[in-house]
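Notes to accompany the following structure.
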Amino acid sequence: MSFNDLLHQNYNQLSETDFAISKFIMENKNEIGDLGVTTFAKKSLSSKSSVIRFSQKLGFTGYSEMKNYLKWEVSNDQSSEKHSSFFSQTLQDVEETLKYIREVDWTEIYQVIENCARIFVISTGVTQQNQAAELQRMFLLIGKPVQVIPGSADSVEFKRIVEQLAENDVIFLLSLSGENRNLEGIMNILKIKQALIVSITNFKSNWLSGQATYNLYASSSRSPIPNDWWLQSASSFFTLVEAFAFGYIDYQRGRLKNRH
């Protein structure tokens, strides 16, 4: 897990002083490995005790462990910059997703979709909203209307739809990491309603896929270049959505053929 990930994971615990310390670290990451805690506190305009508390909030035993972690990450990042290419990583994500698509059997999910009353899609994040729109478009062309609803248990749309949910309704939940705990409230409600849930997440083992009835996966990676941490591939998810929808068409044709 990167230092950025640790900050995001523990965001709600951080104070204004902690944010100032984290900003100093991000702007001076290469120097931290050579600074003692007193010097670090002085340079970051904080106190020694604040620095130690900050490191402990992130899960370290103290400043020394955090400093060594940052030193290792800088060394690892420099190695990644020399040997890694985000272009190559994106191609690898697509290849891994295609390998999964070739090997997986979605027949059971297709049977559920064929017999379901309604299909809903819930997404988290801008990219997932685009994927949800594509899934909606593909199934509309097939003749299976899909309704996209907000990814919030507090939204009026979600509450209204939950009131009408039946056991043979299917819910697609899209989450890049599968670790978005904002979905926990949604999942709890859907489980009470005994709705069939299909998760669409990254390949890694994640919370959402463990809660869903069925799982669809695509491979997605962040840029290996530390300064480009905000870049993450998403094309494999669109490939997955198209393959899944076209696979459903093949499934239907196969069923018709077997009847004749």
Side-chain angles (χ1 to χ4, degrees), residues 1-84 86 89 93 123-128 151-153 173-188 199 201-211 219-234:
M1 183 178 291
S2 70
F3 187 75
N4 275 326
D5 290 335
L6 290 175
L7 289 176
H8 294 154
Q9 184 175 296
N10 297 281
Y11 183 87
N12 292 333
Q13 301 182 51
L14 303 182
S15 64
E16 290 300 319
T17 300
D18 295 328
F19 289 133
I21 293 173
S22 62
K23 183 174 184 292
F24 172 77
I25 291 175
M26 300 311 296
E27 292 176 350
N28 303 274
K29 200 172 178 182
N30 293 342
E31 303 175 19
I32 306 301
D34 298 322
L35 302 180
V37 63
T38 303
T39 306
F40 178 97
K42 185 176 180 181
K43 283 180 171 287
S44 62
L45 304 179
S46 58
S47 66
K48 181 178 176 181
S49 59
S50 294
V51 173
I52 293 172
R53 281 196 299 271
F54 170 75
S55 61
Q56 290 174 339
K57 285 180 183 179
L58 298 186
F60 300 105
T61 55
Y63 173 74
S64 294
E65 187 177 10
M66 182 179 73
K67 180 181 77 170
N68 290 333
Y69 184 88
L70 288 165
K71 196 171 183 178
W72 167 82
E73 188 168 83
V74 167
S75 174
N76 193 52
D77 289 347
Q78 290 171 345
S79 176
S80 294
E81 287 189 14
K82 291 179 182 177
H83 301 103
S84 298
F86 193 32
Q89 184 61 57
D93 287 337
S123 60
T124 60
V126 175
T127 304
Q128 286 70 50
S152 169
L173 274 173
L174 287 78
S175 173
L176 183 59
S177 67
E179 297 294 346
N180 189 332
R181 289 310 175 98
N182 291 330
L183 290 174
E184 192 165 347
I186 291 176
M187 287 294 294
N188 290 337
S199 68
T201 67
N202 203 349
F203 262 122
K204 299 174 183 176
S205 175
N206 60 77
W207 177 83
L208 179 57
S209 62
Q211 302 296 312
S219 183
S220 174
S221 302
R222 290 192 183 278
S223 170
I225 310 303
N227 289 338
D228 295 338
W229 59 268
W230 45 274
L231 289 173
Q232 183 156 7
S233 64

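Remember, it's a predicted structure, so these values are computed and weren't measured experimentally.
Here the CD1 atom belonging to Ile186 is positioned 13.0 Å from the CD atom belonging to Gln211, to the nearest 0.5 angstrom. Note: Phe3 CZ to Leu58 CG = 5.5 Å, rounded to the nearest 0.5 Å. With rounding to the nearest 0.5 Å, the separation of CG in Asp18 from OG in Ser46 is 9.5 Å. If you take CG on Leu7 and CE on Met26, they are separated by 6.5 Å, rounding to the nearest 0.5 Å. A distance of 6.0 Å separates OG1 in Thr201 from CG in Leu208, rounded to the nearest 0.5 Å. Between Ser221 atom OG and Asp93 atom CG the span is 3.5 Å, to the nearest 0.5 Å.
Heavy atoms only, all atoms of each residue included: Ala41 and Ser47 are closest at CB-C, 3.6 Å. The minimum heavy-atom distance between Leu35 and Tyr63, with the atom names listed, is O-OH, 2.8 Å. Between Ser177 and Asn206, the shortest heavy-atom distance links the atoms O-CB, 3.2 Å. Contact detail for Ser209 and Ser199: the closest heavy-atom pair is CA-OG, 3.6 Å. The minimum heavy-atom distance between Leu70 and Ile32, with the atom names listed, is CD1-CG2, 3.7 Å.
Between Ser220 and Asn202, the side chains place no donor N or O within less than 3.5 Å of an acceptor N or O (distance only, hydrogens not considered).
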Inset, instruction - Please assess Asn28 against Lys43 for the test side chain to side chain contact (heavy atoms under 4.5 Å, CB included), listing each intermediate value before the final yes or no. - result: CA-CA 10 Å; Asn28 303 274; Lys43 283 180 171 287; over 6 Å; no
Inset, instruction - List the steps and the verdict of side chain to side chain contact (heavy atoms under 4.5 Å, CB included) for Gln128 and Leu176. - result: CA-CA 7 Å; Gln128 286 70 50; Leu176 183 59; 3.3 Å; yes
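No donor-acceptor distance shorter than 3.5 angstrom exists from the side chain of Ser123 to the backbone of Leu174, with no hydrogens or angles considered.
Ring to ring, Phe19 and Tyr11 are close: their centroids are under 6.0 angstrom apart.
Every residue meeting the side chain to side chain donor-acceptor pair (under 3.5 Å) condition with Lys23, not counting sequence neighbours, appears here in chain and number order: Glu27.
Counting heavy atoms from C-beta on, the side chains of Ser15 and Lys57 come closer than 4.5 Å. Looking at heavy atoms from C-beta onward, Phe54 lies in side-chain contact with Ser22 at the 4.5 angstrom threshold. The shortest side-chain heavy-atom distance between Thr39 and Asp34 does not fall under the 4.5 Å cut-off. Between Arg53 and Thr17, every side-chain heavy-atom pair lies at or beyond the 4.5 Å cut-off.
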